[in-house]
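Keep in mind that this is a model prediction, so the values were computed, not measured.
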Amino acid sequence: MSSDTQENPDNCLLTIKSLQDAFIGVAESYGRVPVACYSKKKTIDIIQKKNQTSKKEAYSIYEYKYLLKDLGEASPVFLDDENKYDVWL
């Protein structure tokens with residue numbers, strides 16, 4: 001576990017300290033542990049501001065530092081709130 005992640009001892013939710021402002025709630029799925037859910041849009045904004053990078057570079061950092069990191073079944077998830085999908089048929 002990196003120094004940027006922490007477990008909440010009250011409910012064992014793995015969170016990312018530097019993305020506190022992007023936290024939107026807890027995601028649940030049958031048979032799996034609840035996981036922290038972060039806004040992808042806010043995460044990219046945070047990375048861009050913190051690192052003073054372009055949006056493209058912020059996406060690269062997001063993918064490498066957060067999306068590809070496997071912390072086991074309690075790995076946080078990211079809600080893709082940037083794109084609009086046509087899900088209602």
Rounded distance [0.5 Å steps], NZ in K42 versus CG in L79: 10.5 Å

Minimum side-chain heavy-atom gap D81-S39 below 4.5 Å: yes

Short side-chain to backbone donor-acceptor contact, S29 and R32, under 3.5 Å: no

Shortest non-hydrogen separation from L13 to A36 and the atoms involved: CD1-N, 3.3 Å

Donor on one side chain, acceptor on other, Y66 and S75, under 3.5 Å: no

Step-by-step side-chain contact (heavy atoms from CB on, under 4.5 Å) determination, Y62 to K40: CA-CA 9 Å; Y62 160 74; K40 179 180 176 181; 3.9 Å; yes

Validation row: Y38, V77 side chains within 4.5 angstrom (heavy atoms): no

Hydrophobic cluster identity match, V26 and F78, side-chain contacts under 4.5 Å: yes

Trace of the side-chain contact (heavy atoms from CB on, under 4.5 Å) decision for E82 with D80: CA-CA 6 Å; E82 289 188 314; D80 186 353; 3.7 Å; yes

Side-chain (D70) to main-chain (G72) donor-acceptor, under 3.5 angstrom: yes

Nearest-0.5 Å distance, CD1 of residue I46 to CD1 of residue I61: 13.0 Å

Steps toward side-chain contact (heavy atoms from CB on, under 4.5 Å) verdict (Y59, I44): CA-CA 6 Å; Y59 275 101; I44 297 299; 3.7 Å; yes

Positive for side chain to side chain contact (heavy atoms under 4.5 Å, CB included) with E73, one of V35, L14, V33: V33

CG on L19 to CG on D45, rounded to 0.5 Å: 11.5 Å

Exercise: identify the closest heavy-atom pair between P34 and E28: CB-CG, 4.4 Å

From CD1 (I16) to NZ (K65), nearest 0.5 Å: 9.0 Å

Spacing of I47 atom CD1 and S60 atom OG [to the nearest 0.5 Å]: 10.0 Å

